[in-house]
Amino acid sequence: MNEYAIRTEQLSCHFGAIRAVDNLSLEIPKGIVFGFLGPNGSGKTTTIRLLLGLLKPNQGRACVLGFDTQTQSEQIRNSSGALLEHSGLYERLSAHDNLEFYGRIYRMDRSKLEVRIKELLTHFNLWERRHERVGNWSRGMKQKVAIARTLLHRPSLIFLDEPTAGLDPIAAASLRDDIAALVENDDVTVFLNTHNLPEAEKLCAQVGVIRNGRLLSVGSLDQLRRGEDSSHLVITGSGFTQEILDQLRTQPIVKAVIQQNSHLEIILGDTANTSSLLGFLINAGVQVEEVHKNKASLEDVFLKMMEEESNGA
């Protein structure tokens with residue numbers, strides 16, 4: 001049995017001189033949220049369109065749910081759900097009638113369709129308001145109905161393109177919880193396009209970072225951190241003289257030292273032993289009040305990748 005929901009091999013798509021997707025190779029396991037991260041215009045939406053068979057690649061190949069994107073695109077779209085730039089909702093219709101309409105398009109059995117509509121709207125806490133026109137609803141509520149639309153025919157894979165963009169923090173958090181619950185309870189794989197890094201850090205088991213069509217890195221959050229300065233030692237205290245800071249910077253496990261008043265941030269290698277540094281500081285006369293060791297956030301890793309890519313361009 002194929003363990004991957006998506007596999008691509010040197011997938012490329014060009015629009016004239018613009019290489020929207022450039023030699024993209026990915027293997028995404030089933031049953032996870034995969035975050036595809038990158039700035040606007042990096043090739044994220046083009047990648048989804050290639051995976052759905054809506055665009056033909058200039059080179060390379062892709063397989064989605066065991067189907068070839070160029071010869072079996074209809075099977076892919078029948079087995080997937082997608083929420084791209086537009087919600088696909090008819091705002092003069094109620095939430096129930098929107099889902100009923102799409103259920104008829106999918107040729108779902110009427111009795112099974114009604115059960116599925118109730119199941120989804122209940123999951124999204126919208127069942128009691130099912131007969132209200134969605135045009136009168138908030139953006140967050142509309143997004144929930146739109147995601148329910150993508151799940152109506154029980155797809156194995158859903159593509160979400162910036163699903164929380166424009167939502168207030170409460171609505172965005174609620175929608176993230178809904179997505180996580182779907183993956184856990186329904187064994188759905190989610191391909192999530194986003195440039196919301198805290199969102200990706202909370203939701204995603206794996207992430208890929210893309211810029212200018214090129215994949216810069218892919219893996220779990222810990223794997224991405226290991227490729228970067230991944231430990232931050234933050235010390236609160238006093239007595240940080242220039243001489244001590246200069247000596248600290250010469251330590252082989254120290255990547256960088258940043259001082260801001262009574263706070264000292266030391267960026268270390270991933271496996272660095274911090275006890276020797278603390279011993280050095282105390283022996284040098286530093287008055288240590290608090291010590292915190294944190295891993296680099298996904299934002300730290302992402303921004304460093306963007307900086308290195310810019311410098312190397």
Original post:
Mind checking whether R149 and V145 have side chains closer than 4.5 Å, heavy atoms only?
Top reply: no
**OP:** Keeping the roles fixed (side chain from S12, backbone from N23), state whether a donor-acceptor pair exists under 3.5 Å.
**Re:** yes
Subject >> Main-chain N/O of A5 paired with T189 side-chain donor or acceptor, under 3.5 Å >> reply: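 Side chain of T189 to backbone of A5: no pair is present.
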Please list, chain by chain and in numerical order, all residues satisfying side-chain hydrogen bond (donor to acceptor under 3.5 Å, both in side chains) with [X], sequence neighbours excluded.
{"X": "S111", "value": "D109"}
{"X": "Q242", "value": "D246"}
{"X": "H153", "value": "none"}
{"X": "E243", "value": "Q247"}

**OP:** Can you tell me which residue pairs pass the ring-ring contact (aromatic ring centres under 6.0 Å, His included) test with a partner in residues 22-56, sequence neighbours excluded?
**Re:**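 ring-ring contact (aromatic ring centres under 6.0 Å, His included) check on residues 22-56 returns F34-F191, F36-F191.
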Original post:
Which residues satisfy the salt bridge (charged side-chain N to carboxylate O under 4.0 Å, His left out) test with E132, sequence neighbours excluded?
Top reply: R129
**OP:** Verify the distance criterion only: is there a donor paired with an acceptor across the side chains of H131 and S94 at less than 3.5 Å?
**Re:** no
With sequence neighbours left out, write down each residue that passes ring pair (Phe, Tyr, Trp, His ring centres under 6.0 Å) with [X], or none if nothing qualifies.
{"X": "F15", "result": "none"}
{"X": "H86", "result": "none"}
{"X": "F280", "result": "none"}

Subject >> E114 bridged to R110 by N-O distance under 4.0 Å >> reply: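 Salt bridge between E114 and R110, a charged N being under 4.0 Å from a carboxylate O: yes.
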**OP:** Would you mind checking if R77 and E74 are paired as a salt bridge, meaning a charged N to carboxylate O distance below 4.0 Å?
**Re:**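 Looking at R77 together with E74, the answer is no, because their closest N to O distance does not fall below 4.0 Å.
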**OP:** Tell me, with the steps shown, if R61 and L11 meet side-chain contact (heavy atoms from CB on, under 4.5 Å).
**Re:** CA-CA 6 Å; R61 64 185 299 269; L11 192 66; 5.7 Å; no
Listed pairs under 3.5 Å, donor-acceptor, residues 173-188 side chains, sequence neighbours left out:
residue : atom : partner : partner atom : Å
S174    : OG   : K144    : NZ           : 2.6
D178    : OD2  : K144    : NZ           : 3.1
N185    : ND2  : A181    : O            : 3.2

Original post:
Please, which pairs that meet side-chain hydrogen bond (donor to acceptor under 3.5 Å, both in side chains) have at least one residue in residues 38-53, sequence neighbours excluded?
Top reply: N40-H195, T45-D161, R49-E85
**OP:** List in chain and number order the residues that pass side chain to side chain contact (heavy atoms under 4.5 Å, CB included) with L278, two or more places apart in sequence or in another chain; answer none if no residue qualifies.
**Re:** I235, V291
